[in-house]
Amino acid sequence: MISKMPKWIGDWLEGSFGPRLTVLDTDYITPAIKNIRFQGDISKMDFLIGSASVIRVSDTEYRNYTPTYYDIKKGVFEIIFHIHGNGIGSKYIDSLKVGDELYISSPRGRKEYDPNVKQYFIFGDETSLGLACSFLPVLKQNGHQFQFYFELDEGNKNAPQLLGLENYTVFPKNGSFRNEKWISDLPLFNTDEWNTAKFILAGNVKSVQTFRKVLKNSTTGKILAQGYWLEGKKGL
Ligand SMILES: Cc1cc2nc3c(=O)[nH]c(=O)nc-3n(C[C@H](O)[C@H](O)[C@H](O)COP(=O)(O)OP(=O)(O)OC[C@H]3O[C@@H](n4cnc5c(N)ncnc54)[C@H](O)[C@@H]3O)c2cc1C
């Protein structure tokens, strides 16, 4: 995915394809998790569950974020941001306030939700809370069995509860999800119950890769894995 382009191309694309969105409301769920509600003409946007929009975070830099709640009629949608403080995107998002305007692309990505799958297991970190929130209503409405696992910094451990998520387990972000043996001892693998679930893995690239490896060796379920960020790498 493109994370950088010359300013003049960005300006031209934005001018041609807009739309610019306005910040309608901001809310810090924790000091490091910010929910923003945007407003604008979103009538042509396609909010597929699990898809991501590109936000222009400087003249030349672009970053991916996952829309959660949306209402086409009212022209509003929300995104949950991890304010980690290490990058230009995080700092830009932290600075956004009511009335600011910015470029957000139409969401795009693969189809992650399949109504015919009975069980869903979703793993991630702060960057994946939005993914979980976009899945929750449809998982409940269509009677799926589901489970969320999150690895979170201490200060964010209450975020799933504050966001109204259900059926979740929070783990400290201490490197455990980089340990194959530790992952294979998780309760998830003590029973055959989740053997044919759909596994959606997001968040830190190393955690995603390790979890995926264990799942490949121990389940027959379908695995969708997409790392959202990697230590030392800009604009994944
Ligand atoms: C499909 C997709 C959907 C995504 N959805 C969301 C979303 O809904 N909400 C969200 O917050 N993020 C989401 N992300 C992740 C987000 O795009 C990255 O975290 C991105 O790197 C942030 O850009 P930045 O400019 O802040 O940091 P960058 O300039 O990209 O990176 C600078 C430094 O910060 C570090 N860094 C980047 N992200 C984190 C992090 N989360 N925690 C700690 N250090 C970090 C990098 O490793 C690097 O060392 C998504 C990513 C993808 C690919």
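Whatever order the structure lists ligands and atoms in, that order sets their numbers, starting from 1.
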- Does at least one non-hydrogen atom of E231 fall below 4.0 angstrom from an atom of ligand 1? yes

- May I ask whether G130 places a heavy atom under 4.0 Å from ligand 1? no

- Side chain S90, main chain H84, donor-acceptor under 3.5 Å: yes

- Message: Closer than 3.5 angstrom, by distance alone: can the side chain of Q147 be matched with the main-chain N or O of N167 as a donor-acceptor pair?
- Response: yes

Under 4.0 Å, heavy-atom basis, I'd like to know which part of [X] is in contact with ligand 1: side chain, backbone, both or neither.
X    : result
D125 : neither
L236 : backbone
H82  : both
S90  : both
Y228 : both
L131 : neither
K233 : backbone

Please confirm whether the ring centroid of [X] lies under 6.0 Å from the ring centroid of [Y].
X    : Y    : answer
F121 : F146 : no
Y113 : Y120 : yes
F177 : W182 : yes

Report, in ascending order of atom number, the atoms of ligand 1 lying under 4.0 Å from any heavy atom of [X].
X    : result
N86  : 32 (C), 33 (C), 34 (O), 35 (C), 43 (C), 44 (N), 45 (C)
L230 : 46 (C), 47 (O)
F81  : 11 (O)

Once the angle between the rings of [X] and [Y] is folded into 0 to 90°, is it parallel (under 30°), tilted (30 to 60°) or perpendicular (over 60°)?
X    : Y    : answer
F211 : Y149 : tilted
F77  : F47  : tilted
Y168 : F150 : tilted

Please determine if [X] has a nitrogen or oxygen closer than 3.5 Å to a nitrogen or oxygen of ligand 1.
X    : answer
Q226 : no
N64  : yes
G89  : yes

- Residue selection (non-hydrogen contact nearest atom 20 (C) of ligand 1) among R63, K34, K234, K4: R63

- Message: Please compare S58, G50, G235, G87 and report which has the shortest non-hydrogen distance to atom 30 (O) of ligand 1.
- Response: G235

- Task: Decide yes or no on side-chain hydrogen bond (donor to acceptor under 3.5 Å, both in side chains) for E151 and S207, but give the supporting numbers first.
- Result: CA-CA 9 Å; E151 57 168 345; S207 299; 2.6 Å; yes

- Query: Which pairs count as side chain to side chain donor-acceptor pair (under 3.5 Å) when at least one residue sits in residues 49-59, sequence neighbours excluded?
  - Reply: D11-R56, E14-R56, R56-Y62

- Message: Determine whether E193 and Q119 satisfy the following criterion, side-chain hydrogen bond (donor to acceptor under 3.5 Å, both in side chains), listing intermediate values before the conclusion.
- Response: CA-CA 9 Å; E193 210 189 338; Q119 297 166 305; 4.8 Å; no

